[in-house]
Amino acid sequence: MVFDVDRSRNQAERCIMPKLLSTLSPIATIEFDVATMPYWRLFTRDDGLSSVAASLLGGFVEQSVGGKAAAMWMLPAPGKVEVVQFAILPVGWVGEWHESPLRQWVVTLSGRWFIETQDGLRIEMGPGESHWGEDLGTRQINGNHGHRSGQLGDGPCAQMLVQFCALSKNA
């Protein structure tokens, strides 16, 4: 779900104004011999603010993982992986304003969590949903960069993070 955040109030009084911009099902599809997978894209807009949008990952090709395994739809991730990490967000955890540490995939394994961006959008994600985080170089708004994120609900949120090496300035 995507929400607009009412920024006319201070952070303690801020209320979430539900405004469904789009829905995102974590289910990949294969139609007309083309595979796609939905994800959330967290990025830096041209004006320097962080934002989030529903996107589709495409470009999958049919290939086998090896041996006698049947072909399946696969898409190699471009770039060099820096680290794969597992994270558990405890109940009540909030990551105040920060940028993504590196370009990264975050896959929700269990539980629920949210991301709130500088342009006032908020998404909530659950098991099977993923996002590509690249809100790097955002401009400062009221002393804050990037996005906020936090755990939702009565149980912890487990995630897998696949972080990629920083791009060289010559790339």
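Heavy atoms only: backbone and side chains are in, while hydrogens, waters and symmetry mates are out.
Its side chain within the 4.5 Å cluster rule, I141 clusters with L49 among the Ile, Leu, Val, Met, Phe, Trp and Tyr residues. When hydrophobic residues (I, L, V, M, F, W, Y) are linked wherever their side-chain heavy atoms come within less than 4.5 Å, the members clustered with L152 are F114.
With S50 contributing its side chain and Q118 its backbone, the two residues share a donor-acceptor pair below 3.5 Å. The closest donor-acceptor contact from the side chain of T44 to the backbone of L136 lies under 3.5 Å. Proximity of a side-chain donor or acceptor of E99 to a complementary backbone N or O of G137 within less than 3.5 Å is detected. No donor-acceptor pair under 3.5 Å is formed between the side chain of E96 and the backbone N or O of N144. Looking at Q163, its side chain never comes within 3.5 Å of a backbone N or O of Q85 through a donor-acceptor pair.
Cluster annotation: L57 and M72 are assigned to distinct hydrophobic clusters (Ile/Leu/Val/Met/Phe/Trp/Tyr, side-chain heavy-atom contacts under 4.5 Å, transitive). Under the 4.5 Å side-chain heavy-atom criterion for grouping Ile, Leu, Val, Met, Phe, Trp and Tyr, F86 is not connected to L102 through any hydrophobic cluster.
Ring planes of W132 and W105: tilted class, angle from 30 to 60°.
Within the structure, the salt bridge (Lys or Arg N to Asp or Glu O under 4.0 Å) test picks out the following pairs touching residues 36-49 (sequence neighbours left out): R41-E134, R45-D47, R45-D119. Here ring pair (Phe, Tyr, Trp, His ring centres under 6.0 Å) pairs that include residues 43-64, with residues two or more places apart or in two chains, number zero.
Minimum heavy-atom separation, P90 to P156: CA-CB, 4.4 Å. When all heavy atoms of A87 and L161 are compared, the pair lying nearest together is CB-CD1, 3.8 Å. Contact between L75 and G58 at its shortest, heavy atoms only, is CD2-O, 3.4 Å. Closest heavy-atom contact between V52 and L121: O-CD1, 3.6 Å. Nearest heavy-atom pair, G146 versus W97, reported as atom, atom and distance to 0.1 Å: O-CZ3, 3.5 Å. Looking at every heavy atom in both residues, S130 comes nearest to P38 through OG-O, 4.2 Å.
For the atom pair OG1 of T108 and CH2 of W40, the computed distance is 12.0 Å after rounding to the nearest 0.5 Å. Taking OG of S55 as the reference point, atom CE of M37 lies at 11.0 Å (rounded to 0.5 Å). Of the inter-residue distances, the one linking T117 atom OG1 with R122 atom CZ reads 11.0 Å to the nearest 0.5 angstrom.
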Going through the checks in order, is the side chain to side chain donor-acceptor pair (under 3.5 Å) test met by H145 and H98?
CA-CA 6 Å; H145 290 273; H98 63 283; over 6 Å; no
As a quick check of understanding, evaluate side chain to side chain contact (heavy atoms under 4.5 Å, CB included) for E62 and W73, giving each step before the final call.
CA-CA 5 Å; E62 282 188 282; W73 293 98; 3.7 Å; yes
Does the pair T138 and H147 meet the rule for a side chain to side chain contact (heavy atoms under 4.5 Å, CB included), with working shown?
CA-CA 9 Å; T138 58; H147 65 278; over 6 Å; no
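Shown here is L109, whose CG atom has more than 12 heavy atoms of other residues, nucleotides or ligands within 6.0 Å.
S100 pairs by the side chain to side chain donor-acceptor pair (under 3.5 Å) definition with D135, not counting sequence neighbours. Considering only residues two or more places apart in sequence or on other chains, A69 meets the side-chain contact (heavy atoms from CB on, under 4.5 Å) condition with S64, V65. L89 pairs by the side-chain contact (heavy atoms from CB on, under 4.5 Å) definition with W93, W113, Q151, C157, Q159, not counting sequence neighbours.
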Indicate every side-chain donor-acceptor pair of residues 77-84 with a distance under 3.5 Å to a residue at least two apart or in another chain.
none

